[in-house]
Amino acid sequence: SLKLKAKLNPGIVLDVVAVPFGLGHTSYGRYAKGHGENPLRIMNNRYDSINGIQALQSTKVKIHLVT
């Protein structure tokens, strides 16, 4: 699971969650360590059947509101 702040964006469809890659460092020094979440942790290990690259475009998620 990932714990993130959510922000509604009018440019994204309502039933879609977008999480940027490039954060979620577990190392890389004191300024980067512990900053953000890495969405690859919850991605299914699937590959595109045509070109063989990792399928990073989709995975199913459940959203829980925490107050």
Side-chain angles (χ1 to χ4, degrees):
S1 68
L2 300 177
K3 188 174 183 179
L4 306 168
K5 287 185 179 182
K7 179 179 177 184
L8 294 178
N9 184 324
I12 298 176
V13 180
L14 288 178
D15 61 348
V16 171
V17 175
V19 180
F21 289 99
L23 295 176
H25 299 293
T26 56
S27 59
Y28 296 120
R30 64 181 173 168
Y31 296 109
K33 184 176 182 178
H35 180 72
E37 289 281 356
N38 184 356
L40 286 175
R41 291 190 316 119
I42 63 167
M43 298 291 291
N44 293 326
N45 193 16
R46 295 189 178 159
Y47 292 86
D48 189 296
S49 61
I50 296 173
N51 59 19
I53 64 172
Q54 191 173 11
L56 299 175
Q57 289 76 24
S58 65
T59 194
K60 292 183 179 182
V61 297
K62 290 182 182 179
I63 299 173
H64 301 277
L65 179 62
V66 178
T67 58

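Note that the numbering runs from 1 along the sequence shown for the chain.
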(message) Using the rule given for side-chain contact (heavy atoms from CB on, under 4.5 Å), can you reason through Asp15 versus Val13, listing the C-alpha separation, both sets of side-chain angles and the distance that settles it, and then say yes or no?
(response) CA-CA 6 Å; Asp15 61 348; Val13 180; 3.2 Å; yes
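By the criterion of side-chain heavy atoms lying less than 4.5 angstrom apart, applied directly or through intervening Ile, Leu, Val, Met, Phe, Trp or Tyr residues, Leu4 is grouped together with Ile63 in one hydrophobic cluster. Transitive grouping of hydrophobic side chains (ILVMFWY, heavy atoms separated by less than 4.5 Å) keeps Ile12 and Val17 in distinct clusters.
Note that OG of Ser1 and NZ of Lys62 are 12.5 Å apart. Values are rounded to the nearest 0.5 Å.
Here the closest heavy-atom approach between residue Leu2 and residue Pro39 is recorded as CD1-CA, 3.9 Å.
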